[in-house]
Undergrad: 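Questions regarding the structure given below will be posed in turn.
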Amino acid sequence: MKKKLKVTAAVASILAVGVVTMGLTHDKREYEVIKGLDIFFALFRTVNTFYVDEFEPKTVLRNGIDAMLESLDPYTNFIDEKDMEDFKLMTTGEYGGVGAIISKSDTDYIMVRELYKGLPADEAGLIPGDRILSINGLDMQGKKVSDVSSNLRGTPGTDAKLKIYRPSTNETFETTAKRRVIQLNPVNYYGMIDNEIGYIELSSFTQGCAQEVKKALVDLKSKGCKKLVLDLRANPGGILDDAIDMVGLFVPKKSLVLTTRGRYASQTRYHYTTADPIDTVMPITVLISRGSASASEIVTGALQDLDRAVVIGQRSFGKGLVQSTRPLEHNTYVKVTTAKYYIPSGRCIQALDYTHRDKDGAVGYVPDSLIHEFHTKGGRAVYDGGGVSPDIHVDIDTATNIVYSLIYSDVIFHYAVAYRHNHKEIAAVKDFVFTDEDYDDFCKFVATRKNFTYKNKTTEALKKLVAAAKSDKYYDDNKQLFDNLSKTLEPDLNKDLQTSKEEIKKYITSEILTSYYFRAGQIEYAITCDNDVDEALKVLRDEKRFYGILSGKVASHAGDKRLSNS
């Protein structure tokens, strides 16, 4: 019998009464709301009764909800009861599970990609590359990553009994990981780069992250830290209050960090720092990238506006919208955009205009004609309308095609798994060297990966040129020329492995160190060969340039009017 959703007239009446009691029935907008709800109820009731095939009402209604909210902006979302675990993870960094990152493998089973040190999966003896055959007796063959993840998660204190296949030793074994509350520390790594310069990497703005940064900063200062590199690259943001608190570590108490402005003037809020700072004079550089968004942009933009830090990297994402989470019926929630935020200079860094869409529904960047000049505390120029522009722009290194292919086909990952099997111990991160002899071994390993293929951009471009030549009737007269060019440009794996040797060695080293020393080891190594970090060290060691940028005496990329590479 066809499933029917009972939407009664009483529900519509309650909604209408709610609007009447607010004195809004005479408002055209509210009339359109009531009219639209009436039509929606009638439409769904009709479809549910007469549609030719069975369908799941919950799915159709959820699709309607998602489509409605998507028409507003990407950040206004409906949170179903089953989605609360993921939402909790995003906001608190906390969940019940085993502490492992998993991914697809080249088989029908999901594999362990990365582990968190000291958490249940690590304690259970898992290592990267392990394939998960079953969880508590449930066969995981052919399952999606999300399915395996949901089975690994669960109530803290319960057991996840795992059957594992380890390719590097060709063994199958069973082990048990006792689930517990997993609280991920967003400070993946901090340490001293030299005798004076400290480094802190923050991956997200989960609840309490400002306190974690504070702990790291206090510890670094006890080790002689007098200058700081704060790495917010690819940090997607999170809790607003923690962003305010983090700025408060570096600026005087009661400093204005942020103004949020909602739909009505009464919704305007001013956010000041509330605690005593740790250090208000230490030279600071902040690293950002295109993936730095929301709360990370608040921290970066505020420190820039207050002339407290030199910003280095690439222009940030440009998310200047504030969301609030509000409860709905049946243990569901809506995360709704309620305001825009404005950093101390008065600029809003929202890059996309969701309120004025094209006829096809597309949104555009804030046009140059609407970009305005603002000024930092010391008077230097900065601009709104498109994220935070760095004071020092650093171009992104683009990987060669052979490197890209080796990474995304997991050849480097699987080699690191094999390397760990053959090397029970390795040197500390600062002393580890992946030698030329090791690289020769890697090249032999690549040759055994029969499914590994790659294309280079040049040959792909040549194919397009040949197609164009045929279309323009030039190909037949020049066929020999095209054939010779094709042979000359044909990918040569051995040659390309040697041409990109040093670049490939860096990625292999990073993967190996992650396997032995977890995420902290990866970051500790990465900062030794990182262009953004190198630039940060240069400016921190050159006080004249550092303070010249903050005072406006030295040219800053942030003060240029939307340079093409910003």
Undergrad: Have a look at Asp130 and tell me which of Arg113, Lys163, Arg166 forms a salt bridge (Lys or Arg N to Asp or Glu O under 4.0 Å) with it.
TA: Arg166
Undergrad: Between Lys319 and Glu297 (salt bridge meaning N to carboxylate O under 4.0 Å), is one present in this structure?
TA: no
Undergrad: Does Asp384 reach the main-chain N or O of His372 with its side chain, forming a donor-acceptor pair under 3.5 Å?
TA: yes
Undergrad: Do Leu321 and Tyr354 touch side chain to side chain, with heavy atoms closer than 4.5 Å?
TA: yes
Undergrad: Does a sphere of radius 6.0 Å around CZ in Arg62 hold more than 12 heavy atoms from other residues, nucleotides or ligands, not counting ones at 6.0 Å or beyond?
TA: yes
Undergrad: Please answer whether the main-chain N or O of Ser510 pairs with a side-chain N or O of Thr514 as donor and acceptor at a distance below 3.5 Å.
TA: yes
Undergrad: Looking only at heavy atoms, which two atoms of Ala293 and Phe317 are closest? And how far apart?
TA: CB-CB, 3.7 Å
Undergrad: So, the side chain of Ser296 versus the backbone of Leu232: is there a donor-acceptor pair under 3.5 Å, distance only?
TA: no
Undergrad: Checking Lys335 side chain against Tyr75 main chain: does a donor-acceptor pair fall under 3.5 Å?
TA: yes
Undergrad: Check this for me, if you would: do Glu123 and Arg180 make a salt bridge, where the nitrogen-to-carboxylate-oxygen distance has to be below 4.0 angstrom?
TA: yes
Undergrad: Is the backbone of Gly386 close enough, under 3.5 Å, to the side chain of Arg315 for a donor and an acceptor to pair up by distance?
TA: yes
Undergrad: Show your reasoning for whether side chain to side chain contact (heavy atoms under 4.5 Å, CB included) applies to Asp231 and Tyr189.
TA: CA-CA 10 Å; Asp231 192 344; Tyr189 171 81; over 6 Å; no
Undergrad: Nearest 0.5 Å, please: how far is SG in Cys348 from NZ in Lys340?
TA: 6.0 Å
Undergrad: Should we count CG of Asn451 as having more than 12 external heavy atoms under 6.0 Å?
TA: no
Undergrad: Are the side chain of Asp242 and the backbone of Gly208 linked by a donor-acceptor contact shorter than 3.5 Å?
TA: yes
Undergrad: Considering all heavy atoms of both residues, which atom of Gly313 and which atom of Asp532 are nearest to each other, and what is their separation?
TA: CA-OD1, 4.1 Å
Undergrad: Compare every heavy atom of Leu115 with every heavy atom of Ala121, then report the nearest pair and how far apart it is.
TA: CB-CD2, 3.7 Å
Undergrad: Answer whether the closest heavy-atom distance between the side chains of Asp245 and Phe205 falls below 4.5 Å.
TA: no
Undergrad: Would a 4.5 Å heavy-atom cut-off, applied to side chains only, mark Ile407 and Tyr507 as touching?
TA: yes
Undergrad: Give a yes or no on whether the backbone of Ser389 and the side-chain of Gln304 come within a donor-acceptor separation of less than 3.5 Å.
TA: yes
Undergrad: Looking at side-chain heavy atoms only, is the closest gap between Thr273 and Val251 below 4.5 Å?
TA: yes
Undergrad: Locate the shortest heavy-atom distance separating Asp159 from Arg179; write the atom from each residue and the value.
TA: O-NH1, 3.2 Å
Undergrad: Answer yes when Lys215 and Glu212 have at least one side-chain N-carboxylate O distance shorter than 4.0 Å, and no when they do not.
TA: yes
Undergrad: Output all residues satisfying ring pair (Phe, Tyr, Trp, His ring centres under 6.0 Å) with Tyr404, sequence neighbours left out; order by chain, then residue number.
TA: Tyr408
Undergrad: Checking the side chain of Ser203 only, and the main-chain atoms of Pro186 only, is there a donor and an acceptor separated by less than 3.5 Å?
TA: yes
Undergrad: Hey, could you give me the NZ/CG distance between Lys214 and Leu249, rounded to the nearest 0.5 Å?
TA: 7.0 Å
Undergrad: Below 4.5 Å, heavy atoms only, C-beta onward: do Val247 and Leu303 meet side chain to side chain?
TA: yes
Undergrad: Please determine whether side chain to side chain contact (heavy atoms under 4.5 Å, CB included) holds for the pair Met68 and Phe40, giving the CA-CA distance in whole Å, both sets of side-chain angles, and the decisive distance to 0.1 Å.
TA: CA-CA 12 Å; Met68 175 183 70; Phe40 180 82; over 6 Å; no
Undergrad: How far apart are the closest heavy atoms of Pro156 and Gly96, and which atoms are they?
TA: CG-CA, 4.3 Å
Undergrad: If you round to the nearest 0.5 Å, how far is CG of Leu162 from CD1 of Ile164?
TA: 5.0 Å
Undergrad: Is a side-chain donor or acceptor of Ser409 paired with a backbone partner of Phe452 at a separation under 3.5 angstrom?
TA: no
Undergrad: Would you check if the side chain of Tyr341 reaches a backbone N or O of Ala295 as a donor-acceptor pair within less than 3.5 Å?
TA: no
Undergrad: Which heavy atom of Ser149 sits nearest a heavy atom of Ile102, and at what distance?
TA: N-CD1, 3.7 Å
Undergrad: Just do the side chain to side chain contact (heavy atoms under 4.5 Å, CB included) check on Val60 and Phe44 with the steps written out, would you?
TA: CA-CA 9 Å; Val60 173; Phe44 186 82; 4.0 Å; yes
Undergrad: Evaluate salt bridge (charged side-chain N to carboxylate O under 4.0 Å, His left out) for Arg347 paired with Asp305, printing each intermediate quantity in order.
TA: CA-CA 9 Å; Arg347 54 181 169 146; Asp305 280 356; 2.7 Å; yes
Undergrad: Taking the side chain as every heavy atom from C-beta outward, state whether Tyr109 and Asp139 have any pair of such atoms under 4.5 Å apart.
TA: yes
Undergrad: Begin with the C-alpha distance, continue with both residues' side-chain angles, and end with the deciding distance and a verdict on salt bridge (charged side-chain N to carboxylate O under 4.0 Å, His left out) for Arg131 and Asp106.
TA: CA-CA 10 Å; Arg131 296 173 189 165; Asp106 51 3; 3.6 Å; yes
Undergrad: Find the distance between CG (Leu306) and CG (Leu256) and round it off to the nearest 0.5 Å.
TA: 8.0 Å
Undergrad: Answer yes or no: are there more than 12 heavy-atom neighbours, outside Glu70 itself, under 6.0 Å from its atom CD?
TA: no
Undergrad: Is any side-chain heavy atom of Asp53 closer than 4.5 Å to one of Tyr51?
TA: yes
Undergrad: Mind checking the NZ-CD1 spacing from Lys58 to Ile65? Nearest 0.5 Å is all I need.
TA: 10.5 Å
Undergrad: Any side-chain heavy-atom pair from Ile343 and Phe374 closer than 4.5 angstrom?
TA: no
Undergrad: Might you work through the side chain to side chain contact (heavy atoms under 4.5 Å, CB included) test for Lys143 and Ile132, ending with a clear yes or no?
TA: CA-CA 10 Å; Lys143 299 294 185 182; Ile132 303 173; over 6 Å; no
Undergrad: Hey, could you give me the CD/CZ distance between Gln314 and Arg290, rounded to the nearest 0.5 Å?
TA: 9.0 Å
